[in-house]
Each structure stands twice: as structure tokens, then as C-alpha cells.
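To start, the structure under review is shown below, and the notes come after it.
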Amino acid sequence: MKLPLIILGLAALTDTSSQSGCYGDINRVDTTGASSQTARPEGLNYIGVRASETIAAKDLPRMNNYKGIIHSAGRKLCVDPAVIAGIISRESHAGAALTRDGWGDGGNAYGLMQVDKRYHNIVKPWNSEAHLIQGTQILVGMIKAIQRKFPSWTKEQQLKGGISAYNAGPGNVRTYERMDIGTTHHDYSNDAVARAKYYKKHGSAERRTTLERPTGST
């Protein structure tokens, strides 16, 4: 295992240690990581945060191809790029799970962030910044829906709820502890958060990027 190269690659990808965005600090979000339903198809005989981290590391070489547009989308929408990367890893394995023209989920979802054509007008190409902007805007909309639904939750709880809602909608989020029941493999936010925290953990603090606060953000 070429660990030094992996660490360098993670730093190049995430570079997000100073970028929390407008919606909470991903490092402060609790997570139980991947379920057996997520880990087993990856050939893993263990679950939890360790499994999520292993999957995130495996996706790293492909993810590095998109680091520029991930950072750009995060900066423009005031979302931590590590969160975007965590969702990309969960949704499409940084493109590895998609057809050559960018489709997944039996032809229903498109692109790195797997935007569902049944609910959204698809923005192309599948591996473009425009696509990531659309996916991240959907995520922000879900976070804001959770903020309205659960105003007493902390920002980090609302962030996790928004990540869960990205998969199954805000209506599926009924309690904090059971927000993933009804999501794919019943672990969506816990797994995506663990992957995002892994990318965040191995980021570099050397570069400082100012995230723009979008109009109307909270």
C-alpha cells in the first residue's frame, strides 16, 4: 500500500480544512458509517466508519479528476467541498458506477451526484461543474428544508438531515436518530458523512479559500 501517495492525493483533492461552508462543520457531525448492505458489495467484511473510509480511499484516484470543479462548486454555493466529494463517492464512486454517458440507477439518475431525471431537469455534461452546481443546489435546498422542519436542531444536525434528504427527501427525515431509515441501505447520511469526514481529515490547511455566502443562506 503506497500510503504517502494516497495522503498526498487526498490533500490535493480536499484541501478543505479551513472550509466549513455555511451549513455547519462536517467534522462535528456524528456518524456510524456504512451498513453491511453498503459494505458487502464492496468486498468488505467489516462495516461502520472504517468501511466508509476504505471506500472513500478507493474512489480517490477518480475523484482527483474532479477536484477543481468540486472546489469551485463548493466555493460558489458555500458548501464544504468535502461534503460534495462524500456525496459523489456515495452516489457514483466518482463516476465508476456510471455508464459511458453518465447514467446510473437504471437510467433514472445522471452524473457524478446522480440527479434524478424524474424530479429535476438534467444539466449536462455529467462530469461538469454545471452538473455539480445543480447537485449542490439540490443539496442546499434539502438542508434548508430540514432547517425549516427542525429549527431547534444544531447546524450540524441539520446538515446531516439535509444529506439524508438528498437521497430520500425531507419527508423521510422524522427523527434525528432514525433519519436514515428509508434511505438506500438505511445508512445514506451516515455513510456519506463518514466519507466526507475522511476527505476532510486528510485535507491540507496550507491554502485558504474564501467560501461565498449565497443570498438567503442561513
Side-chain angles (χ1 to χ4, degrees), residues 13-16 18-31 63 66-92 94 109-124 126-174 176 179-180 183-184 188-197 199-200 203 209-218:
L13 163 66
T14 55
D15 195 13
T16 56
S18 66
Q19 302 178 45
S20 294
C22 298
Y23 304 101
D25 182 353
I26 193 65
N27 282 330
R28 297 178 63 185
V29 179
D30 63 282
T31 176
M63 194 78 73
Y66 309 111
K67 61 188 177 185
I69 59 174
I70 291 171
H71 277 278
S72 182
R75 183 178 64 253
K76 290 176 180 177
L77 294 170
C78 203
V79 172
D80 190 332
V83 173
I84 299 173
I87 290 175
I88 290 172
S89 175
R90 169 70 188 216
E91 288 287 346
S92 69
Y110 183 77
L112 293 169
M113 295 184 74
Q114 286 291 271
V115 175
D116 196 314
K117 70 178 184 181
R118 294 168 292 188
Y119 304 101
H120 306 281
N121 294 321
I122 298 300
V123 175
K124 298 184 178 183
W126 65 271
N127 55 356
S128 66
E129 181 178 342
H131 164 72
L132 293 190
I133 291 288
Q134 181 183 32
T136 305
Q137 286 174 332
I138 294 168
L139 172 64
V140 169
M142 294 299 172
I143 295 170
K144 290 183 177 181
I146 296 300
Q147 289 173 342
R148 292 189 295 270
K149 188 173 182 178
F150 300 101
S152 65
W153 285 9
T154 67
K155 290 184 73 172
E156 284 70 32
Q157 289 174 324
Q158 292 165 343
L159 172 60
K160 186 177 182 182
I163 293 170
S164 178
Y166 185 85
N167 177 252
N172 189 69
V173 180
R174 298 178 180 87
Y176 185 76
M179 69 170 63
D180 273 349
T183 65
T184 303
Y188 187 90
S189 70
N190 279 288
D191 181 33
V193 166
R195 298 190 201 197
K197 290 177 77 170
Y199 291 134
K200 184 80 168 180
T209 302
T210 301
L211 290 168
E212 300 168 5
R213 179 176 289 273
T215 303
S217 64
T218 56

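Numbers here simply count residues along the sequence, with the first being 1.
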Checking side-chain contact (heavy atoms from CB on, under 4.5 Å) between Tyr23 and each of Lys155, Lys144, Gln158, Glu156, which is the one that passes?
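Going through Lys155, Lys144, Gln158, Glu156 one by one, the side-chain contact (heavy atoms from CB on, under 4.5 Å) with Tyr23 is satisfied by Lys144 alone.
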Residue among Thr31, Thr183, Asp180, Asn167 satisfying side-chain hydrogen bond (donor to acceptor under 3.5 Å, both in side chains) with Ser189:
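Of the listed options, the one satisfying the test is Asp180.
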Taking all heavy atoms of [X] and all of [Y], pick out the closest pair and write down the distance.
X	Y	answer
Ile26	Ala196	CG1-CB, 4.0 Å
Ile69	Ser128	CD1-C, 3.7 Å
Gly111	Ser92	O-CB, 4.1 Å
Val173	Ser164	CG2-OG, 4.0 Å
Gly135	Val115	CA-CG2, 4.1 Å
Lys197	Val29	NZ-O, 2.9 Å

Just say parallel, tilted or perpendicular for the rings of Trp153 and Tyr176, cut-offs at 30° and 60°.
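The rings of Trp153 and Tyr176 stand perpendicular, inter-plane angle above 60°.
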Atom [atom1] of [X] and atom [atom2] of [Y]: how far apart are they, to the nearest 0.5 Å?
X	Y	atom1	atom2	result
Asp80	Arg75	CG	CZ	13.5 Å
Gln114	Trp126	CD	CH2	10.0 Å
Leu132	Tyr66	CG	OH	9.5 Å
Ile87	Asp191	CD1	CG	11.0 Å
Ile146	Leu159	CD1	CG	11.0 Å
Leu77	Ile133	CG	CD1	4.5 Å

Is the backbone N or O of [Y] less than 3.5 Å from a side-chain atom of [X], with the two atoms forming a donor-acceptor pair by type?
X	Y	result
Tyr166	Met113	yes
Gln134	His131	no
His71	Pro81	no
Arg195	Ala85	no

Electrostatic pair Lys160-Asp30, nearest N-O below 4.0 angstrom
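Yes.
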Mind checking whether [X] and [Y] have side chains closer than 4.5 Å, heavy atoms only?
X	Y	answer
Leu139	Val83	yes
Met179	Asn172	no
Ile88	Ile84	yes
Met63	Ile70	yes

Compute whether any side-chain donor of one residue and acceptor of the other, for Glu91 and Tyr188, lie under 3.5 angstrom apart.
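Result is yes, a qualifying pair exists.
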Within the 3.5 Å criterion, strictly below it, is a donor on Ser72 or Glu129 matched to an acceptor on the partner's side chain?
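Their side chains do contain a donor-acceptor pair, which is all the 3.5 Å distance test asks for.
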Taking the six-membered ring of Tyr110 as reference, does the cationic atom of Lys117 (NZ for Lys, CZ for Arg) lie under 6.0 Å from its centre and within 45° of its axis?
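Judged by the rule, Lys117 and Tyr110 form no cation-pi pair.
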